[in-house]
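For reference, the structure discussed in these notes is given below.
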Amino acid sequence: TVTDSLMSISVRTLDSVMITEQLLSPVFWDHITAFRRKLATADITGFYRLGQILYVNLIYPVEKMLRGKKRLIIITPEPFAGVPFEALVMLCDPLITNEGQCYLIHDYEVEYRLPETRKITRLPAEPPVDSSAAGNVYAFVGFSPGFIDHPGIAPLPASKQEVVEITGL
C-alpha cells in the first residue's frame with residue numbers, strides 16, 4: 001500500500017512474514033523523480049546521496065529480514081514502476097570499495113514481478129519505427145553501471161558493454 005505520505009513494506013520468506021509501515025517525507029516522491037532523472041541522463045551530481053536516501057526508505061526498514069538472503073523478488077506498486085532497486089546505494093565493507101558504499105545488486109540478485117493488479121493483458125503490435133532516444137517508447141533501464149571518470153562506486157564488471165549491446169538491439 002502506498003499513499004502520498006505512507007508506505008507499507010511486506011517481506012515474505014519461507015518461514016516468516018513481516019509488514020512495516022513507513023511515514024514518507026514530503027520530499028520522498030521528489031527523490032524518486034530525481035533518482036530516475038539522474039539515471040536517465042547519467043548525471044552524477046547528487047546521485048549517490050539519492051541512492052542512499054531511497055535505500056534508507058525502501059530497504060533499510062526490512063534489512064534485518066533480508067540478512068542471509070541472496071535473492072530479492074520485488075513486487076512494486078505503480079508509483080515505483082521502473083525504479084531500478086539494483087542501483088540503490090547501501091553501506092558495505094570498506095575493503096570492497098574505497099568509500100564503503102556499493103549498489104544493492106552487490107549483495108542481492110534482484111528480480112521483479114508485477115502485482116496481480118498490473119498484469120499485462122496484451123503486448124503492443126510492433127515497436128515504433130523511430131529508434132532515436134526521443135521516439136523510442138521501448139527503453140532499457142540500465143542499472144547504474146557507474147559513471148565515467150568518477151571515483152565513487154566501482155562499475156559492475158562488463159556492465160558498460162552490456163548496456164551498449166542491449167540498447168543496440
Side-chain angles (χ1 to χ4, degrees), residues 1-40 46-123 138-146 152-163 166:
T1 308
V2 178
T3 67
D4 288 345
S5 60
L6 183 70
M7 170 177 56
S8 293
I9 302 172
S10 171
V11 175
R12 298 170 196 267
T13 65
L14 293 176
D15 54 355
S16 62
V17 174
M18 175 187 169
I19 299 174
T20 181
E21 289 189 339
Q22 298 295 113
L23 289 175
L24 299 175
S25 153
V27 295
F28 175 78
W29 297 108
D30 295 335
H31 291 147
I32 291 281
T33 300
F35 189 70
R36 285 181 173 136
R37 188 176 322 117
K38 291 195 179 290
L39 283 169
F47 170 79
Y48 297 115
R49 181 73 182 128
L50 285 169
Q52 290 170 336
I53 290 169
L54 294 180
Y55 179 87
V56 166
N57 282 277
L58 299 171
I59 303 296
Y60 182 76
V62 294
E63 189 176 59
K64 288 180 182 176
M65 288 255 333
L66 302 178
R67 286 199 182 117
K69 308 296 186 240
K70 290 296 178 191
R71 182 175 177 211
L72 302 180
I73 299 173
I74 297 176
I75 303 170
T76 60
E78 188 64 36
F80 297 107
V83 172
F85 281 71
E86 295 90 332
L88 299 183
V89 178
M90 60 186 207
L91 296 178
C92 61
D93 186 342
L95 298 176
I96 295 171
T97 65
N98 292 339
E99 305 198 11
Q101 300 173 344
C102 54
Y103 295 116
L104 185 69
I105 198 170
H106 180 272
D107 287 349
Y108 301 100
E109 171 190 348
V110 179
E111 179 181 326
Y112 297 93
R113 302 251 173 103
L114 290 174
E116 290 299 317
T117 57
R118 284 184 37 218
K119 292 281 184 190
I120 297 173
T121 55
R122 66 179 181 87
L123 296 174
Y138 297 98
F140 169 70
V141 179
F143 300 118
S144 192
I153 298 174
L156 298 171
S159 59
K160 181 177 181 182
Q161 177 184 349
E162 181 181 10
V163 170
I166 290 173

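Keep in mind that the numbers below use all heavy atoms, side chains included, and drop hydrogens, waters and symmetry copies.
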Exercise. Go through the side-chain N and O atoms of Tyr55 and Glu63 and say whether any donor and acceptor fall under 3.5 Å apart.
Key: yes

Exercise. For the residue pair Phe80 and Leu58, establish whether any side-chain heavy-atom pair is separated by less than 4.5 Å.
Key: yes

Practice problem: Can you see which heavy atom on Asn57 is nearest to which on Met7, and at what distance? | Solution: O-CE, 3.5 Å

Quiz prompt | Nearest-0.5 Å distance, CD1 of residue Ile19 to CZ of residue Arg12 | solution = 6.0 Å

Quiz item: Just wondering, do Val11 and Val17 contact through their side chains at under 4.5 Å, heavy atoms?
Solution: no

Quiz item: Once you round to the nearest 0.5 Å, how far does CG of Leu50 lie from NZ of Lys38?
Solution: 6.5 Å

Self-check item: Heavy-atom pair with the smallest gap, counting every atom of Val110 and Ile74
Solution: CG1-CD1, 3.6 Å

Quiz item: Do Val83 and Thr76 have side-chain heavy atoms sitting under 4.5 Å apart?
Solution: no

Exercise. Dump the intermediate steps for side-chain contact (heavy atoms from CB on, under 4.5 Å) on Leu6 and Leu23, then the final yes or no.
Key: CA-CA 5 Å; Leu6 183 70; Leu23 289 175; 3.9 Å; yes

Self-check item: Contact check, side chains of Tyr103 and Tyr48, non-hydrogen atoms, under 4.5 Å
Solution: yes

Exercise. For Met18 and Pro61, work out which heavy atoms get closest and say how close.
Key: CE-O, 3.5 Å

Quiz item: Heavy-atom distance under 4.5 Å between the side chains of Tyr60 and Leu88, does that happen here?
Solution: no

Quiz item: Atom CZ of Arg49 and atom CG of Leu54: how far apart are they, to the nearest 0.5 Å?
Solution: 10.5 Å

Self-check item: Rounded distance (nearest 0.5 Å) linking atom CZ of Phe35 with atom CG of Asp30
Solution: 15.0 Å

Exercise. Verify the distance criterion only: is there a donor paired with an acceptor across the side chains of Glu86 and Tyr112 at less than 3.5 Å?
Key: yes

Practice problem: Provide the closest heavy-atom pair for Pro79 versus Arg36 in the form atom of the first, atom of the second, distance. | Solution: O-NH2, 3.0 Å

Quiz item: Roughly how far, to the nearest 0.5 Å, is CG of Leu72 from CZ of Phe85?
Solution: 9.5 Å

Quiz item: Looking at OG1 of Thr33 and CZ of Phe28, how far apart are the two atoms once the value is rounded to the nearest 0.5 Å?
Solution: 10.0 Å

